[in-house]
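Have a look at the structure below before the remarks.
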Amino acid sequence: MKNFHKIISQILIACAIFFLPVKVFAADIWAAAAQAAGIYAMYKSALTSILRLGNDVNAQMAARRQDIKENGQDKNSLDVKIVDEIMTRLVNDSIYELRVNSLPFVWTVNDSEKFNAACYPMNYISVNRGLVRTLNLNEDEIAAVLAHEMTHGIEQHSAKNYAKAIAQSFGMMMISSQISSANIDWNKLTGMVNYSIAKNITVPSEYEADEGGFFLMTSAGFNPGGGAAAMARMDYYVRYETQDFLEFDPHDKPNEQTLSDHPDTEVREEKLSKLLTDYSFGHVEVKKIERIYKVFIDGEEILTAENRGEIYKNAEKAYFFAGGLAKAFHDYKNFSDWNFRKISGNRTDFLTDDKVYKNLREISFTENLGEKIKFAVENSYKNENPEIRQKYLDEENKRLENWQKIKAETLSAKKIMADRLRINADIYNDYGQGELALKEIERALSAENQENIAECLSIRGRAKAICGDYDGALVDANSAVEQDPKNLYNFLNRADVFHMRGEIEPALNDIAAAIAIDDKVAVSYRLRGDIFDELGEIVKAEENYRICYELAKKNPNSIPKNYLEKIDPEKFEKLNKKNSDEKNSDDKK
């Protein structure tokens, strides 16, 4: 509520891009080169600013608006539905923790036909329609890509690479914490940073994102073969399908590792395939032998994946088959847990109807592999070295301990960061993003150094109301006012809750109470003006909007445009002209 109708400066965001190979420096080489060029200090300064920007909800929402403005929104509801479902699973079910200065993930499926996805420094993920379609809406492959992008955000790769781009592109230009259109030519910045950021995504960060993405997607229950399958699909795309020369660097040759911003696709596929094998405690392996994909269990060939058509389809068949096997080996300690059983036609079926096993069981049934798999699996458990399984599980525990350490750092964060969590939740409410507000406010309430519990409750109450939980909202809002009746924002948040409940008189009473505490807060009059406007009481609405406008230092965005025309006709005309000029400029692009 404190940030209601805050002026938002235009913000340029750099992306950690999943695809599009371009030449770059490796991380250590870049650092040495930066020091030699005298720009390392600039990088550190820029990084501080970008990390601060990455914890700014206004910046996150601006990034989303910019993406939609530039690329449009995907009009295919099936594309959007699949991405929404996948991201929801990854965000809610994966094992990870956000750093205290990182925002919850937000995403959009835009209308670009390019085969791409990107994570911005403030954890906004842009997903191109072209990626969803090229991956044939396969949820496991899309999950691998999006988990890769999430890792860029979780590990703050995006901010680091963006800072490198700024330092390298602008040399000694001062990049302060107050980034605004007043001191930067945003049109030039757009072109220069978009070019430079692609060059500075390092090979190590891509491998780290591949690996981190693998653990994210598997912990959320997706097929472990999704990453390698997606990479095989990408390899086919860049070699045979794309017509855009910027999407593929012809100097990258098969099996030749270069300093591309995205390492050679075959190398990445091999690494992701190795992660699958390790996940199965070494039991399952996919080998590519002269363009033919074969699946093995402890050295015994189980499947030769031959399909008519493109080679990537063979890869997908092998990796999803192997991924199902790896998932079962990982999750089940004993052979009996696989539940091998006879079905019609004297065939052997096994495991459950979980989607992660769908390809494995379908291929097994079609090619009558049940008994062969049963025999191989039984022998695997008989001959398994328990040390290998335990070693892998110990590594999983270490990763879990690391996430718990990050969570503990968030809980024990300094007061200024605990307050930031509360402020972020408040801003999410202003954007009508109740679910995101709830995520942030729960982190704020859990912070040990959170001193304003009452205001947290009022913000949570408002978020609940936005999400439709009106009764729960009022409980929190009442508690906030009872705990701290001197905080005017507790009254304003409860007023908004009453407003959303349709209880106008209590809402107006709370606004009056807030004004009695401090009559110089613009948002009080804005909220009361909105209520009177809805009631059709135009004179009272205009009176409140006029006070709001003056207190907001005549910010034209502080009141509705139809009232601005009455209150300040000159400013109204200037605003209209500015909007018209911007629209004409966009139309010419």
Side-chain angles (χ1 to χ4, degrees), residues 11 13-16 27 43-61 63 87 90-107 118-125 146-164 177 201-202 204-217 219-220 398-428 433 435-450 456:
I11 298 168
I13 314 299
C15 309
Y43 159 71
K44 297 296 288 184
S45 176
L47 178 59
T48 298
S49 295
I50 300 309
L51 286 173
R52 186 178 294 111
L53 195 67
N55 196 26
D56 185 334
V57 175
N58 287 323
Q60 187 184 62
M61 294 296 113
M87 277 302 299
L90 287 172
V91 166
N92 294 335
D93 299 340
S94 294
I95 298 175
Y96 72 99
E97 292 290 339
L98 291 172
R99 287 166 172 78
V100 69
N101 63 338
S102 291
L103 296 171
F105 286 97
V106 174
W107 60 91
C119 183
Y120 293 60
M122 61 290 300
N123 285 351
Y124 169 67
I125 295 181
L146 298 184
H148 172 108
E149 295 304 332
M150 283 179 63
T151 302
H152 276 313
I154 292 166
E155 300 298 336
Q156 299 180 326
H157 294 156
S158 306
K160 295 168 186 174
N161 292 319
Y162 185 60
K164 289 179 184 178
S177 60
I201 298 173
T202 61
S205 72
E206 284 306 293
Y207 288 147
E208 187 175 351
D210 282 344
E211 184 172 326
F214 177 86
F215 295 130
L216 284 179
M217 68 173 293
S219 67
K398 285 181 182 178
R399 286 194 293 273
L400 184 60
E401 288 172 2
N402 180 62
W403 294 129
Q404 292 303 316
K405 180 181 177 181
I406 292 173
K407 184 176 182 178
E409 289 171 353
T410 298
L411 293 176
S412 62
K414 294 180 180 179
K415 179 181 180 300
I416 188 172
M417 297 308 297
D419 288 345
R420 186 71 222 180
L421 292 169
R422 186 182 73 249
I423 292 167
N424 285 343
D426 192 29
I427 301 173
Y428 277 129
Q433 300 288 334
E435 291 185 1
L436 294 172
L438 287 173
K439 288 179 182 292
E440 280 294 87
I441 205 62
E442 290 303 331
R443 294 211 293 165
L445 282 165
S446 299
E448 295 168 5
N449 294 312
Q450 178 60 249
C456 284

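Paired with Arg99 under the rule side-chain contact (heavy atoms from CB on, under 4.5 Å), one option of Glu155, Glu409, Lys407 passes, and it is Glu155.
For the pair Glu440 and Arg443, the salt-bridge criterion is met [side-chain N within less than 4.0 Å of a carboxylate O]. Under 4.0 Å is where a charged nitrogen must lie from a carboxylate oxygen, and between Lys415 and Asp419 at least one such pair does.
Put simply, the side chain of Gln450 gets close to the backbone of Ala418: a donor and an acceptor are under 3.5 Å apart. One N or O on the side chain of Tyr96 and one on the backbone of Val91 form a donor-acceptor pair closer than 3.5 Å.
The two atoms that bring Val100 and Leu421 nearest to each other are O-CD2, 3.8 Å, heavy atoms only. Here the closest non-hydrogen pair linking Cys119 and Ser158 is O-OG, 3.0 Å. Considering all non-hydrogen atoms of both residues, Lys160 and Tyr43 come closest at O-CE1, 3.3 Å. Summarising the geometry of Thr410 relative to Ala447, their closest heavy-atom pair is O-CB, 4.4 Å, with the distance given to 0.1 Å. Between Asn55 and Asn101, the shortest heavy-atom contact is CB-O, 3.3 Å. When all heavy atoms of Glu442 and Ser446 are compared, the pair lying nearest together is O-OG, 2.9 Å.
At a threshold of 4.5 Å between non-hydrogen side-chain atoms, the residues Asn123 and Ser102 count as touching. Residues Met87 and Met150 are in side-chain contact: their nearest non-hydrogen atoms beyond the backbone lie under 4.5 Å apart.
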Determine whether Trp107 and Glu149 satisfy the following criterion, side chain to side chain contact (heavy atoms under 4.5 Å, CB included), listing intermediate values before the conclusion. CA-CA 11 Å; Trp107 60 91; Glu149 295 304 332; over 6 Å; no
Leu216 vs Thr151, test: side chain to side chain contact (heavy atoms under 4.5 Å, CB included). Steps then yes/no. CA-CA 8 Å; Leu216 284 179; Thr151 302; 3.6 Å; yes
Can you check side chain to side chain contact (heavy atoms under 4.5 Å, CB included) on Asn92 and Lys439, steps first, answer last? CA-CA 11 Å; Asn92 294 335; Lys439 288 179 182 292; 3.3 Å; yes
Please determine whether side chain to side chain contact (heavy atoms under 4.5 Å, CB included) holds for the pair Tyr428 and Leu103, giving the CA-CA distance in whole Å, both sets of side-chain angles, and the decisive distance to 0.1 Å. CA-CA 11 Å; Tyr428 277 129; Leu103 296 171; 3.8 Å; yes
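One distance of note links CG of Leu436 with CD of Gln60; it measures 7.0 Å at 0.5 Å rounding. With rounding to the nearest 0.5 angstrom, the CG atom of Leu98 is 9.0 Å from the CH2 atom of Trp403. Rounded to the nearest 0.5 angstrom, Arg420 CZ and Asn424 CG are separated by 4.5 Å. A distance of 7.5 Å separates CD1 in Ile154 from OG in Ser94, rounded to the nearest 0.5 Å. To the nearest 0.5 Å, atoms CD (Glu97) and NZ (Lys405) are separated by 14.0 Å.
Between the side chains of Glu206 and His157, no donor N or O sits under 3.5 Å from an acceptor N or O.
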